[in-house]
Amino acid sequence: MSSALNLSHEPVTRVRHGKFAMWAFLASELMFFAGFFGTFIVLRNTNYAAFGEGSAQLSWPLALVNTFILIGSSLTMAMCIYHLERGNNKLFRLFMGLTIMGGFGFLIVKYLEYSSKWEHGLFPGQEHHTLFFSFYFLMTGFHALHVVGGMIPMAYMFFRSYTKRGYKHPGKVETLGLYWHFVDLMWIFIFPALYLMIPYAVAGAGAHH
Amino acid sequence: MGDILHVLDMLAWFPENISTYGAELDNLFAIIYWVSVAIFFLTFGILGYLLVKYRYSPDRKGYNYHGNNLVEVTWTILPTFLFAAIGLYSDDIWERTKYSKRVPQADVEIIVLGKTFGWTFLYPGSDGKFGRNAYTDRTARHLMSTTNIFGIDSTDPTGMDDFTTENQFRVPVNSNIVVRGSSIDVLHSFFLPHARVKQDVVPGTWMNIWFNLFKTGDYELACAELCGGGHYSMRAEYKVVSMADYDTWLDKKNAEAKAARSPQSLPAAPADTVAVASH
Amino acid sequence: MSTATLPSTETEAHTHEHHHELPWYRKYVFSTDHKVISKQFMLSSLFFLFIGGAFALFIRWQLAYPGTKIPLVGSILPATWVTEPGSGIITPEFYAQLLTMHGSIMIFFVVIPLALGMFGNFCIPLMIGTDDMALPRLNMWSFWLVPPAGLIMMAGFFTETGYATAGWTSYPPLSASIQLPTFTISGQTLWLISVFLVGFSSIMGSVNYVTTVLNKRAKGMKLFDMPLTVWALFITAIMAVLGTPVLAAGLAMLFMDNFLHTSFFLPDNLVTNSKYFGGGQPVLFQHVFWFYSHPAVYIMILPLMGIVSDVLATFSRKPVYGYKAMVFAIAGIAFLGFIVWGHHMFQSGMNPLLGTTFMLSTIVIAVPSSIKVFNWLGTLWRGNIKFTSAMLNALAFVSMFIIGGLSGVFMASAPVDIYIHDTYFIVAHIHYVLFGGSLFGIFAGIYYWYPKMFGKMLNEAWGRKHFYWTFVTFNLTFFPMHILGVGGHMRRIYDPNVYDFLKGLGGINEFITIAAITLGFSQLFLISNILWSMKFGKKAPRNPWHANTLEWAAPEHPGHGNFDMDITVYRGPYEFSVPGRELDYWPQWEQGEAISAHHNTVAVPIENETRTFGAH
Amino acid sequence: MSDDHGSIIPAYMKVFYALCAFTVLTVAAAKWMHFPESWGTTGDILHVGIGIVIAVMKVVMVMWIFMHLKFDQPMLRFFVFVPVFLFFVMSFALNFLEVWTYTR
Ligand code: HEA
Ligand code: HEA
Ligand code: CUA
Ligand SMILES: [Cu+2]
């Protein structure tokens, strides 16, 4: 009987529910990282020298590679939405595959970085750990979790595209795409904040570690 | 009837005030209190009146009326003025009691450290000057340890007459007391109920606390920030005494401190070696 | 009469249920129906209310009779809770655990889930005339995070350290437990995980509410045709979406400080024996915490403000006075709520200059709050007031919120706060706004919507009994706490008798405890009424209160899909007592001359209004 | 979708190239732009400021084109504005006033 009723009509704002909700969720995510960045700024200002030293120990070339990977995967994600909307299952699959590979690539580089940090004793609990590295693992860790979180539905869509009917929900891909661009976007801030903005050593604020 | 009024008159329940700005704070409390009482009777009066007057009656209908912008604006603006006045007046007092730049010239300066669960005070001795310690010199912070919580550099001769007391302290009457407070473990709060003083002490940072007491007597210091199971017992006593008494006491403590610590005995641990002040 | 024109729904509801044939666990457990989810929130929260309440009674016993055996249950308490096995005297450490769990449960597992979870789920789809939430599956998950989170928090009992002990605010360094080795699961880490999960639950729920309100309104319903309940829930959801993640960030950092001994919130030179790195700032956590938790107190009261407005209008048979002003006041409170968090930190050691700014912004919040109070009074003016249980609780909300709000103004004044900060004055404030405000509002909502939720009427006589007992004992319990506060009685202390200056207050403490026990047992009226009426209550008519809003267009006990007719909205939600009409109400869905909600005089035809927002 | 009038792919590619270019630029600025030691924190502020400006430009491009804010309902932009505003409020309170107390 409810099928005869017209209660569940077109979205009033003309933005699909899923997409709308994703935007609202991204607003939430922005505040989540805002909490990290807010504290980061304060503690960077009060631990100037230590943050300088820590930052200098990171490998910016690896992070640069990762930046390119993420930008690239953002592009392929945009492409794969474009093609699915036009019903091109093959190209959709191709670009989705590329995006997933981008995600993997990112995680592999991250793994390399982390393992070198482990060897240098920079993990929490190890001897050379400092507050800077707490932030490093906090922010990159949550970012990496977001990457993993995005890759799971991507893998699902990717494998569904191999079934006979193909994957038929451009809306869902678009929603996921928003999320994936957001992950990229956060990295665009994390990269300079952690790797590049090495505080100048200021005289008098000697390092305490 | 009188008893009931007494219970309802909240102002009667304050512990006696002994500090100069305490009277101002109490007065501000009283102002807000009477404003609130007025608002209370106003709103509850109106509410009661409406509830009685417009209680259900089967031969009456409600009134289809959606409101009036003029009324709306009026009762927005009136409270705004009232609250703005309270805010501005409060801020004046706030600046005078808490702003760091308004902390008066100290007659007596004390350093206090909270720890679970007690208070330790460091007095500068009769020279009125602290030696090198974690407060006076940030670079001395690495000297802080469980046996030397103030990070006192015992090689500094200025600090020779500095002495500590545990859970007890004394201040002279009618003088500006400036307390620099911190903590060695968790947050505590330096609360002198009778002096209307409260300030959390935060490890890693020094707080400026000041007051000026006009009445001699024995009073209590409490901890007002949850700091663990023993929070409730983190109590200290203090005496407000006349300047003359204070000086005698200082001299006595100085003599004790000097005796306990000759310049040669190097890594002194003041908290252990100095006898707890006997009141 | 509107209901006369509706089809009889009995038979149709049945065919409907057969049509879907969901297995029982999809219907009652993992249901995606917003009404079922709402009931789930209700039952789980009432359960937690009892646990939290029982903890409160322990607290009260200790304060009134420090160091004496707890009656009845004392001898069966676990050995870790008492000074010695069988003594029945609780330890100071356990006292700290009690107040932490009491505060955390009441806030995170009672009021937020009830205000946002239960009413958000129940009211939004029904009151905007749609079949379900925009994303029903997400909605289901937002509930199913709550019980595990609750269990995780309660599981603190099984850790070596017991429940979390640092208060519901859990300020580091106390909450960073650096004396424990790394990778220890302690009550505190479980607390952090648990709150993180409920936070995630309210984000998911709120995302859904925002989407639903903006996207799924029935035909003809502009934003300014929505009942205030929906407005309030909508704005609250926005606050939750923006505020909760900041808390989550803080919790994540504090978790690392606990679990891995990082030092986001731990400064150099803590004199302890354990290894940690230093460089952090304890006060920083307070900023992050209150950036969420101040908005959270409005998350806990705004939905109830909306509900109370609806109840007041319905039972005084009058439109809400100044509907638009009410909406703007809610929005104003929500906005200001984000820039006042520092008023919890006046004495924390933050820069006093910030104290000034936060004091001024906090005092400004009193302005939209007064607008709301005066408009509620205006709504009663020239009404025809029926004192049903729902109405009584709504009136209690208004009056108790005035008292709680006024005590808020004392604390908002930073110099006054110097003395009363962290005393029972604050505890009195908390309970006047949270119990006197939120909980009475919740009771009002339960009495008001129970007929639609369960298809049965609640027992009115018991409802009134519950109300009078609660109202009286509530005031007897919490009003004297102001006096304790003025007397200087600190909060969170195990035994006030340690202090000489508190010795005179013992009598008040005893009085409070006796009142509190009565208050606790008065709640049995509510619980038994709810449970009894589910089975034996009178069958509810479709629109028992003769109200205007859309949920009353739904069948007596709506099934999946909610409505049995197409909904078109013709007018605002509060057209009561329109002159010239025989009935004193005019439902939103009833065809006829259209009237908008927010004009200022009597009945203006809709043609004169420009339809702006999202009209069809 | 609103990109029915002609393909959007060129726009995507442009953004992609611009993002790459800006990435190189931000590394270059950070690594090879030095301010005199005597400028003290002013140097750091400039250094950070440049990094932030570049990052913001990149992010705006991602949101505007990749995330379709340019083409979608303008209402969605609020989901960006409001958090950014709150972030400023928070950072302002935490830093511009707070640091002074902490380093006292
Ligand atoms: C639902 C919850 C809720 C609500 C609505 C409020 C509302 C307010 N709160 Fe409260 N608050 C809490 C819950 C809440 N609070 C909790 C839980 C704590 C303690 C946390 C902890 O530390 O554990 C707390 C603590 C707290 C503090 C910190 C105290 C301290 O720790 O030292 C302060 C300080 O400013 C404060 C202020 C206010 C103010 C100004 C309001 C205002 O919104 C009130 C506005 C209302 C009115 C002003 C009354 C109505 C107006 C009128 C009747 C009109 C007046 C008429 C004329 C002027 C003509 N609150
Ligand atoms: C909605 C929120 C809410 C509610 C409803 C309550 C309800 C009550 N609260 Fe609580 N309270 C808080 C929120 C709330 N509280 C918060 C946030 C704090 C701060 C915590 C902190 O400092 O961190 C606090 C702190 C607090 C304290 C201060 C503790 C301290 O600082 O040392 C006290 C002390 O009296 C107290 C008492 C009570 C009492 C007596 C009730 C009563 O209303 C309870 C009534 C009881 C029930 C509703 C349940 C009925 C149960 C039964 C009938 C079963 C009886 C069975 C047995 C006894 C086995 N509360
Ligand atoms: Cu120290 Cu409480
Ligand atoms: Cu607050």
**Asked** Taking it one step at a time, do His17(A) and Asn208(C) satisfy side-chain contact (heavy atoms from CB on, under 4.5 Å)?
**Response** CA-CA 9 Å; His17(A) 299 329; Asn208(C) 216 340; over 6 Å; no
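- Contact of the Phe36(A) side chain with the Met253(C) side chain is registered, since non-hydrogen atoms from C-beta on lie closer than 4.5 Å.
- Side-chain contact between Val246(C) and Phe32(A) is absent, with no heavy atoms from C-beta onward closer than 4.5 Å.
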**Item:** Stepwise side-chain contact (heavy atoms from CB on, under 4.5 Å) test for Leu43(A) and Gln281(C)
**Value:** CA-CA 8 Å; Leu43(A) 293 180; Gln281(C) 300 287 0; 3.4 Å; yes
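- Distance check, rounded to the nearest 0.5 Å: NZ of Lys19(A) to OG1 of Thr211(C) gives 13.0 Å.
- Interface check for chain A: of the options Ile203(C), Val210(C), Ile238(C), the most heavy-atom pairs under 4.5 Å are formed by Ile203(C).
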**Message:** Determine whether Leu138(A) and Phe264(C) satisfy the following criterion, side-chain contact (heavy atoms from CB on, under 4.5 Å), listing intermediate values before the conclusion.
**Reply:** CA-CA 10 Å; Leu138(A) 177 79; Phe264(C) 295 108; 3.9 Å; yes
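- Ring-plane geometry between Phe196(C) and Phe142(A) is classed as parallel, the angle between the planes falling under 30 degrees on a 0 to 90 degree scale with a further cut at 60.
- Residue with the most contacts toward chain C among Phe20(A), Phe123(A), Phe25(A): Phe20(A) (heavy-atom pairs, distance under 4.5 Å).
- Judged by distance alone, the side chain of Asn215(C) and the main-chain N or O of Val15(A) form a donor-acceptor pair under 3.5 Å.
- Contact record, Ala249(C) with Gly35(A): CB-CA, 4.0 Å, taken as the closest heavy-atom pair.
- When heavy atoms are compared at a cutoff of 4.5 Å, Val288(C) approaches chain A solely by way of its side chain, counted from C-beta outward.
- A donor-acceptor contact shorter than 3.5 Å is absent between the side chain of Ser28(A) and the backbone of Leu242(C).
- Heavy-atom minimum distance, Thr13(A) versus Leu214(C): CG2-O, 3.6 Å.
- Atom OG1 of Thr262(C) sits about 11.5 Å away from atom CZ of Phe137(A), to the nearest 0.5 Å.
- Partners of Ser263(C) according to the side chain to side chain donor-acceptor pair (under 3.5 Å) rule, which considers only residues two or more places apart in sequence or in another chain, do not exist here.
- Atoms OG and CG, from Ser134(A) and Asp257(C) in turn, are 7.5 Å apart once rounded to the nearest 0.5 Å.
- Only the side chain of Leu135(C) comes within contact range of chain A, with heavy atoms under 4.5 Å apart.
- Around OH of Tyr114(A), the count of heavy atoms belonging to other residues, nucleotides or ligands within 6.0 Å exceeds 12.
- Contact annotation: the side chain of Met31(A) approaches that of Phe291(C) to within less than 4.5 Å [non-hydrogen atoms, C-beta and beyond].
- The contact between Ala21(A) and chain C is made by backbone and side chain atoms together, counting heavy-atom distances below 4.5 Å.
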